[in-house]
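Accompanying notes for the structure given below.
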Protein chains: 2
Amino acid sequence: MAALKRRRTPPFPGRGHDHARCVDVALGEATRLCARDGQRLTPLRRRVLELVWGSHQPVGAYAILDRLKQDGRAAAPPTVYRALDFLLARGLIHRIASLNAFVGCARPDGSHPAQFLICRRCGTAAEIDDPRLAAAIGRSATESGFAVDAPIVELRGLCAGCRRPAAG
Amino acid sequence: MAALKRRRTPPFPGRGHDHARCVDVALGEATRLCARDGQRLTPLRRRVLELVWGSHQPVGAYAILDRLKQDGRAAAPPTVYRALDFLLARGLIHRIASLNAFVGCARPDGSHPAQFLICRRCGTAAEIDDPRLAAAIGRSATESGFAVDAPIVELRGLCAGCRRPAAG
DNA sequence: CGTCGGGTGTTATACTATAACATATTCTGT
DNA sequence: ACAGAATATGTTATAGTATAACACCCGACG
Ligand SMILES: [Zn+2]
Ligand SMILES: [Zn+2]
Ligand SMILES: [Zn+2]
Ligand SMILES: [Zn+2]
């Protein structure tokens, strides 16, 4: 019975949380990781990462493209897809297959499997990296003789905030 | 360990299995379920279901469209998407979000959450309906105050057959 | 008959993603 | 600083996935 109550960052950011800080932290981490690995976080890539982190709702490639154009920058689909590919390869963002959209990675410690809770009302995609869930997945697959190398887990539903009927 | 070895239909069909039988069973079940629920499994819908069941590899909407045209039938994207929507709503097929493709449901007992093992080599998508995995998912989500209503679980990797290097 | 609703046909278009090639920028060694 | 290589971005075109909007058909029911 929940014998172990580990301290974990709650997956869903509060409504009034300081999102500018989310962005700062993410960009800082990205800068650090790229420097460490000898990868180039160019202005374009950095800007795309910033746009992906615009909120906790996954954002489509063409929405990013529009924002880049607003910046006055020359941009076409490959511009943004290449930046996204770089960020995906570095584990700085995730792709949400069921939404054809992208979201910043909450724990960009190298590439890692991620599980998402996606609220159908507010659109927030919260990353949970639950080792027990990962283990359960591994067990299920192994029983079928299957070797998983890229688990996709996207759970649609209603987040705690959106389950409460708007206010008290 | 593995104290309980339940009898289950193996998720991955054998290489030489009688696939015509898979199709027969699926079409029979579909006919039965639609009759039971007062739904109309029209010739078009039945044919699309048959094409989705063409193999155990998920098939794209436009591939189905091509086949319909080969049948000599007038067909355009809405033709196939409408049929697919019907089959999805009846729980007779599943959509694989990560592939933008569709696959027949192995257990069309009403709409249900499904988990898939998708082999990156042979392309087979095997449906596993593992209650323990579903429970683990539910637990994880609940801890975050999240109410899941549509879990998407698509595990990419290598199936047992494809892990063996081609032959003995 | 008449009309009503579901299913399908038809046309057009939106949205997502990549191929192929040109140009620019950065890095490396001299 | 320079040449040459490698990486990154710009540019144009096109492939692939999905839906909107409206027209037509056809069987059910009065
Ligand atoms: Zn935030
Ligand atoms: Zn929400
Ligand atoms: Zn089969
Ligand atoms: Zn396989």
Side-chain angles (χ1 to χ4, degrees), chain A residues 30-31 34-35 37-52 57-90 92-103 123 125 152 154, chain B residues 30-31 34-35 37-52 57-90 92-103 123 125 152 154:
Chain A
T31 303
C34 286
D37 300 342
Q39 297 293 332
R40 300 168 53 189
L41 187 63
T42 63
L44 172 64
R45 289 167 175 174
R46 185 185 177 83
R47 177 64 174 143
V48 170
L49 179 58
E50 189 181 12
L51 290 171
V52 170
Q57 305 170 5
V59 56
Y62 280 72
I64 295 170
L65 180 56
D66 288 344
R67 301 295 306 272
L68 288 180
K69 286 177 182 168
Q70 287 174 22
D71 288 355
R73 180 190 283 275
T79 308
V80 51
Y81 278 103
R82 283 189 291 226
L84 290 171
D85 285 346
F86 171 85
L87 297 170
L88 283 170
R90 302 265 72 75
L92 298 171
I93 63 174
H94 294 285
R95 179 170 192 275
I96 309 294
S98 59
L99 298 176
N100 295 325
F102 304 83
V103 72
I152 295 175
E154 301 173 7
Chain B
T31 303
C34 286
D37 300 342
Q39 298 292 332
R40 300 171 51 189
L41 188 63
T42 64
L44 172 63
R45 290 166 174 173
R46 185 185 177 82
R47 177 64 176 141
V48 169
L49 179 58
E50 188 182 11
L51 289 172
V52 170
Q57 306 171 3
V59 57
Y62 280 72
I64 295 170
L65 180 55
D66 289 344
R67 301 296 304 274
L68 288 180
K69 285 177 181 166
Q70 287 174 21
D71 288 355
R73 180 189 282 274
T79 309
V80 51
Y81 278 103
R82 283 189 292 225
L84 290 170
D85 285 346
F86 171 86
L87 298 170
L88 283 169
R90 303 266 72 76
L92 298 171
I93 62 174
H94 293 285
R95 180 170 192 273
I96 309 294
S98 60
L99 297 176
N100 295 324
F102 304 82
V103 72
I152 295 175
E154 302 173 8

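Quick note: numbers below take in every heavy atom, side chains included, and nothing from hydrogens, waters or symmetry partners. In what follows, chains carry the letters A, B, and so on, assigned in the order in which the sequence lines appear, proteins first and then strands, with residues in each chain numbered from 1.
Here dT25(C) presents its C1' atom at 16 Å from CG of Leu41(A), a figure rounded to the nearest Å. Between the CD1 atom of Ile64(B) and the P atom of dT17(D) there is a distance of 11 Å, rounded to whole Å. When rounded to the nearest whole Å, the span between CZ of Arg46(B) and C1' of dT8(C) equals 19 Å. Between Leu84(B) atom CG and dA18(D) atom P the separation is 9 Å, expressed in whole Å. At whole-Å resolution of the value, CZ in Arg47(B) and P in dG7(C) are 21 Å apart. In this structure, Ile96(A) places its CD1 atom 18 Å from C1' of dC15(C), rounding to the nearest Å. Atoms CG (Asp85(A)) and P (dT7(D)) sit 16 Å apart, rounded to a whole Å. Taking atom CG of residue Leu99(A) and atom P of nucleotide dA18(D), one finds them 13 Å apart after rounding to whole Å.
With a 4.5 Å cut-off on side-chain heavy atoms, Leu44(A) and Arg73(A) count as touching.
Within a 6.0 Å radius of CZ in Arg95(B), other residues, nucleotides and ligands contribute more than 12 heavy atoms.
A sub-4.0 Å separation between OP1 or OP2 of dG9(C) and a side-chain N or O of Arg73(B) is present. Put simply, Tyr81(A) has no side-chain N or O that comes within less than 4.0 Å of OP1 or OP2 on dT18(C). Of the side-chain N and O atoms in Thr42(A), one or more sit less than 4.0 angstrom from OP1 or OP2 of dT9(D). OP1 or OP2 of dA18(D) has at least one side-chain nitrogen or oxygen of Asn100(B) nearer than 4.0 Å. For the OP1/OP2 pair of dT26(C) and a distance below 4.0 Å, the side-chain nitrogens and oxygens of Arg40(A) include no atom meeting the criterion. Within the structure, a side-chain polar atom (N or O) of Thr79(B) is placed less than 4.0 Å from OP1 or OP2 of dG9(C).
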Using a cutoff of under 3.5 Å, can you pull out all pairs of nitrogen or oxygen atoms linking the protein to nucleotides 20-24 of chain C, with atom names and distances?
none

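In this structure, Tyr62(A) does not count as stacked on the base of dC15(C) under the 5.5 Å centre distance and 30° plane angle limits.
Here the rule is side-chain contact (heavy atoms from CB on, under 4.5 Å) with Leu84(B), and of Thr79(B), Ile64(B), Leu92(B) only Ile64(B) fits it.
In this structure, of dT11(D), dG10(D), dT10(C), it is dT10(C) that holds the atom nearest to the side chain of Ala74(B).
Rounded to the nearest 0.5 angstrom, Gln70(A) CD and Leu51(A) CG are separated by 9.5 Å.
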